[in-house]
S.K.: 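Let me begin by handing over the structure; questions about it come next.
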Amino acid sequence: MIAKITGRVDTVADGSAVIDVGGIGYLVFCSARTLRRLAEGTEAALLIDTHVREDGINLYGFVDSLERAWFRLLITVQGVGPKAALAILSVAAPADLAFAIAAGDRAVLTQASGIGARLAQRIATELKDKAAAMTLPAGMGSLVGAVSIAATTDGAGSVGAAADAVSALVNLGFRPVEAHTAVATAAGRLGEGAALDALIRAGLADLAKREPGP
């Protein structure tokens, strides 16, 4: 079983790349996030998840272990195959995905090609508890856990200041993934007990820094 490939990037296409290892080209299927970090003619190392099928062997490549871990977790959900899992990881980085699932935000999932509302609901429901346990960058772990607990204990109402802040930013016109990331960053700086208005102000400041220049 192939677990890692290191070699020269021969070609990068939509949804896949060919990695030349000692003159042998390996076709590796990747998320858009991973493909953006590959440049033809350069050296690259990809973690691999190998899938053996009756009609061949498919290799799925990832730039880091967290993305591969999410891929493996996503395909445990009925109806989510490797292609769908890569589509999800193409529209949401692992940290954003963990936050969105813990918060019960299906909109992030339905941005992925082939993921409808029903499947998004199944993913959010089945992976909610596991999302909070996934390894996240510093500052996000406690936030995801807090949102998950709040959603469980108060499912009919607000899921806490963090989720309300995300909703407020989305209502202002920001994409859900951008809003999740900004609020997570703000909560990491301000602390778990940060007030709603403070999270929104800090989130807006973070988003302003990300805006492309003229």
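Everything quoted here is computed from the prediction, not taken from an experiment.
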S.K.: Nearest heavy-atom pair of I75 and A85: which atoms, and what distance?
M.R.: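 Nearest pair, atom of I75 first, then A85: CG2-CB, 3.8 Å.
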S.K.: Going through the distances and angles, do I123 and I88 end up as a side-chain contact (heavy atoms from CB on, under 4.5 Å)?
M.R.: CA-CA 11 Å; I123 294 169; I88 293 171; 3.8 Å; yes
S.K.: Return yes if some donor-acceptor pair links the side-chain N/O of T50 with the main-chain N/O of I2 below 3.5 Å, else return no.
M.R.: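 Yes, because the side chain of T50 sits within donor-acceptor range (under 3.5 Å) of the backbone of I2.
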S.K.: May I ask you to decide if R106's main-chain N or O and Q121's side chain share a donor-acceptor pair within less than 3.5 Å?
M.R.: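 No; judged by distance alone, with no hydrogens or angles, the pair does not exist.
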S.K.: Could you tell me which non-hydrogen atom of G7 sits nearest to which non-hydrogen atom of V21, and how far apart they are?
M.R.: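 Closest approach of G7 to V21: CA-CG2, 4.3 Å.
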S.K.: In terms of hydrophobic clusters joined by side-chain contacts under 4.5 Å, are I24 and V28 together?
M.R.: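 They do share one cluster, since a chain of ILVMFWY contacts under 4.5 Å joins I24 to V28.
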S.K.: With a 4.5 Å limit on heavy-atom distance, are the side chains of L74 and L97 in contact?
M.R.: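 Yes, their side chains come closer than 4.5 Å.
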S.K.: Should R33 and D64 count as side-chain neighbours, where that means a heavy-atom distance under 4.5 Å?
M.R.: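 Of all side-chain heavy-atom pairs linking D64 with R33, at least one is under 4.5 Å.
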S.K.: Tell me whether T110 contacts the main-chain N or O of A107 through its side chain, where contact means a donor paired with an acceptor under 3.5 Å.
M.R.: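 Looks like yes, one N/O pair under 3.5 Å.
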S.K.: Please find the pair of heavy atoms, one from G203 and one from A186, that lie closest to each other, and give the distance.
M.R.: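 Result for this residue pair: N-CB, 4.0 Å.
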S.K.: Could you tell me whether D49 and R68 have a side-chain N and a carboxylate O separated by less than 4.0 Å?
M.R.: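 Here D49 does not pair with R68 in a salt bridge, since their nearest N and O are not under 4.0 Å apart.
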S.K.: Is there a side-chain contact (heavy atoms from CB on, under 4.5 Å) between I5 and L47? Walk through the geometry before answering.
M.R.: CA-CA 7 Å; I5 285 180; L47 298 176; over 6 Å; no
S.K.: Tell me whether L46 shares a hydrophobic cluster with L66, the cluster being built from Ile, Leu, Val, Met, Phe, Trp, Tyr side chains joined at under 4.5 Å.
M.R.: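 Different clusters.
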S.K.: May I have the step-by-step check of side-chain contact (heavy atoms from CB on, under 4.5 Å) for L59 and L27, ending in yes or no?
M.R.: CA-CA 7 Å; L59 305 179; L27 177 64; over 6 Å; no
S.K.: Ignoring hydrogens and angles, tell me if any N or O in the side chain of T185 forms a donor-acceptor pair with the backbone of T181 under 3.5 Å.
M.R.: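 Answer holds: yes.
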S.K.: Under a 3.5 Å distance rule, please check whether T125 uses its side chain to pair with a backbone N or O of R122 as donor and acceptor.
M.R.: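 Here the side-chain-to-backbone pair does not exist.
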S.K.: Nearest 0.5 angstrom please: L109 CG to L119 CG, how far?
M.R.: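 Interatomic distance, L109 CG to L119 CG, rounded to 0.5 Å: 8.5 Å.
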S.K.: Locate the shortest heavy-atom distance separating S90 from A32; write the atom from each residue and the value.
M.R.: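 Heavy-atom minimum between the residues: OG-N, 2.8 Å.
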S.K.: Check the surroundings of atom CZ in R118: do more than 12 heavy atoms from other residues, nucleotides or ligands lie under 6.0 Å from it?
M.R.: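 No, CZ of R118 has 12 or fewer neighbouring heavy atoms, counting only those of other groups under 6.0 Å.
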S.K.: I'd like to know if R201 and D206 make a salt bridge, using a cut-off of under 4.0 Å between side-chain N and carboxylate O.
M.R.: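 Looking at R201 and D206, the cut-off is not met.
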S.K.: Please name the pair of heavy atoms, one in I48 and one in R72, separated by the smallest distance, quoted to 0.1 Å.
M.R.: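 So the minimum-distance heavy-atom pair works out to O-NH2, 4.2 Å.
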S.K.: Side-chain heavy atoms under 4.5 angstrom apart, residues restricted to Ile, Leu, Val, Met, Phe, Trp, Tyr: same cluster for L35 and L89?
M.R.: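 They do not share one cluster, since no chain of ILVMFWY contacts under 4.5 Å joins L35 to L89.
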S.K.: Does CG belonging to D14 count more than 12 external heavy atoms closer than 6.0 Å?
M.R.: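 Open: at most 12 neighbouring heavy atoms sit under 6.0 Å from CG of D14.
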S.K.: Decide side-chain contact (heavy atoms from CB on, under 4.5 Å) for T42 and R8; before the verdict, give the C-alpha distance in whole Å, the side-chain angles of both, and the deciding distance to 0.1 Å.
M.R.: CA-CA 5 Å; T42 64; R8 183 179 60 84; over 6 Å; no
S.K.: Any chance the side chains of T11 and E40 put a donor and an acceptor closer than 3.5 Å?
M.R.: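 Looking only at side-chain atoms, E40 and T11 do not form any donor-acceptor pair under 3.5 Å.
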S.K.: Quick check: does any side chain N or O of S16 sit under 3.5 Å from a backbone N or O of F29, one acting as donor and the other as acceptor?
M.R.: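 Side chain of S16 to backbone of F29: no pair is present.
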S.K.: Kindly assign one of parallel, tilted or perpendicular to the pair H51 and F71, based on the angle between their ring planes and the thresholds 30° and 60°.
M.R.: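 Answer is perpendicular, since the angle exceeds 60°.
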S.K.: What heavy-atom pair brings A202 and L190 nearest, and what distance separates the two atoms?
M.R.: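 Closest pair (atom of A202, atom of L190, distance): CB-CD1, 3.9 Å.
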S.K.: Are T6 and E43 close enough that a side-chain donor and a side-chain acceptor fall under 3.5 Å?
M.R.: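 No.
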S.K.: Between V91 and W70, is there a shared hydrophobic cluster once you connect ILVMFWY residues whose side-chain heavy atoms come closer than 4.5 Å?
M.R.: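 No, V91 does not connect to W70 through the hydrophobic network.
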S.K.: Hey, quick one: are L73 and L86 part of the same hydrophobic cluster, counting side-chain heavy atoms closer than 4.5 Å, chains of contacts allowed?
M.R.: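 As far as the 4.5 Å side-chain criterion goes, L86 and L73 are connected within one cluster.
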S.K.: With rounding to the nearest 0.5 angstrom, report the SG to CZ distance, C30 to F62.
M.R.: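 Nearest 0.5 Å value for the SG-CZ distance: 7.5 Å.
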